[in-house]
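Here the structure is laid out as structure tokens; the discussion comes afterwards.
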Amino acid sequence: MLGIVFSILAGLLMSIQGVFNTRCSEKIGLWETNIIVQITGFIFTLIILLIVGNGDFKKITQVNKLYLLGGVIGVLIIYFVMRGVSELGPTYSVSTILISQLITAAVIDFFGLFGTEKIPFHFTKVVGVILMVAGIIIFKLKG
């Protein structure tokens with residue numbers, strides 16, 4: 001249940017962040033906004049780390065180097081979300097992002113990529129994705 005709450009909050013915040021970042025970028029630029037987002041995110045994370053951090057940075061040598069690209073991916077995500085919201089608007093952009101995330105997650109699960117447990121992708125899930133895509137198409141139709 002807690003995972004559902006966290007996922008809902010993530011979706012809510014991602015949608016709001018996409019709009020905030022896009023509005024900021026209209027005034028100062030995409031990459032300028034991205035740097036502001038990364039710096040404020042770093043400061044906020046550092047504060048949280050100092051208050052509740054209980055990890056061990058010394059174990060970073062044990063981490064697969066590929067997994068250290070999360071920050072680079074984060075920069076690209078912010079850029080692509082801002083461009084998507086700017087070009088398509090928040091609803092259409094976020095809907096497309098959600099379907100893309102769902103398909104990507106399904107591929108990761110199906111093949112057990114990045115050390116995840118293999119989870120079969122049954123026909124019903126394919127139908128669900130098709131219905132989501134159809135929903136976006138219907139949503140986008142002029143009526």
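Just so we're clear, the structure is a prediction, and the values are computed from it rather than from any experiment.
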Contact check, side chains of I78 and N21, non-hydrogen atoms, under 4.5 Å: yes
[atom1]-[atom2] distance between [X] and [Y], expressed to the nearest 0.5 angstrom:
| X | Y | atom1 | atom2 | answer |
| --- | --- | --- | --- | --- |
| I99 | I130 | CD1 | CD1 | 11.0 Å |
| Q101 | I77 | CD | CD1 | 8.0 Å |
| L98 | M14 | CG | CE | 7.5 Å |
| I73 | L68 | CD1 | CG | 10.5 Å |

Within 6.0 angstrom of F121 CZ, more than 12 heavy atoms from elsewhere: yes
Heavy atoms from other residues, nucleotides or ligands near NZ of K65 exceed 12 (cutoff 6.0 Å): yes
Listed once per pair and sorted, the ring-ring contact (aromatic ring centres under 6.0 Å, His included) pairs that draw on residues 67-113, sequence neighbours left out: W31-Y79
Return yes if some donor-acceptor pair links the side-chain N/O of [X] with the main-chain N/O of [Y] below 3.5 Å, else return no.
| X | Y | answer |
| --- | --- | --- |
| S25 | T22 | yes |
| S100 | T96 | no |
| T116 | L113 | yes |
| N34 | V75 | yes |

Residue of the set V81, L88, V85, L102 for which side chain to side chain contact (heavy atoms under 4.5 Å, CB included) holds with I97: V81
Partner of I43 under side chain to side chain contact (heavy atoms under 4.5 Å, CB included), chosen from T40, T45, I39: I39
Where G84 and S93 come nearest, the two heavy atoms and their spacing: C-OG, 3.4 Å
Criterion side-chain contact (heavy atoms from CB on, under 4.5 Å) on L66 and F114, from CA distance to verdict: CA-CA 9 Å; L66 179 67; F114 312 117; 4.0 Å; yes
Is there a chain of hydrophobic side chains (I, L, V, M, F, W, Y, each step under 4.5 Å between heavy atoms) that links [X] to [Y]?
| X | Y | result |
| --- | --- | --- |
| L13 | I36 | no |
| I16 | I8 | no |
| M132 | I138 | no |
| V133 | L141 | no |
| I103 | I136 | yes |

Non-neighbouring partners of L2 that pass side-chain contact (heavy atoms from CB on, under 4.5 Å), sequence neighbours left out: F6
Residues 49-56 side chain polar contacts: donor-acceptor under 3.5 Å, at least two apart:
from : atom 1 : to  : atom 2 : distance (Å)
D56  : OD1    : K58 : N      : 3.1

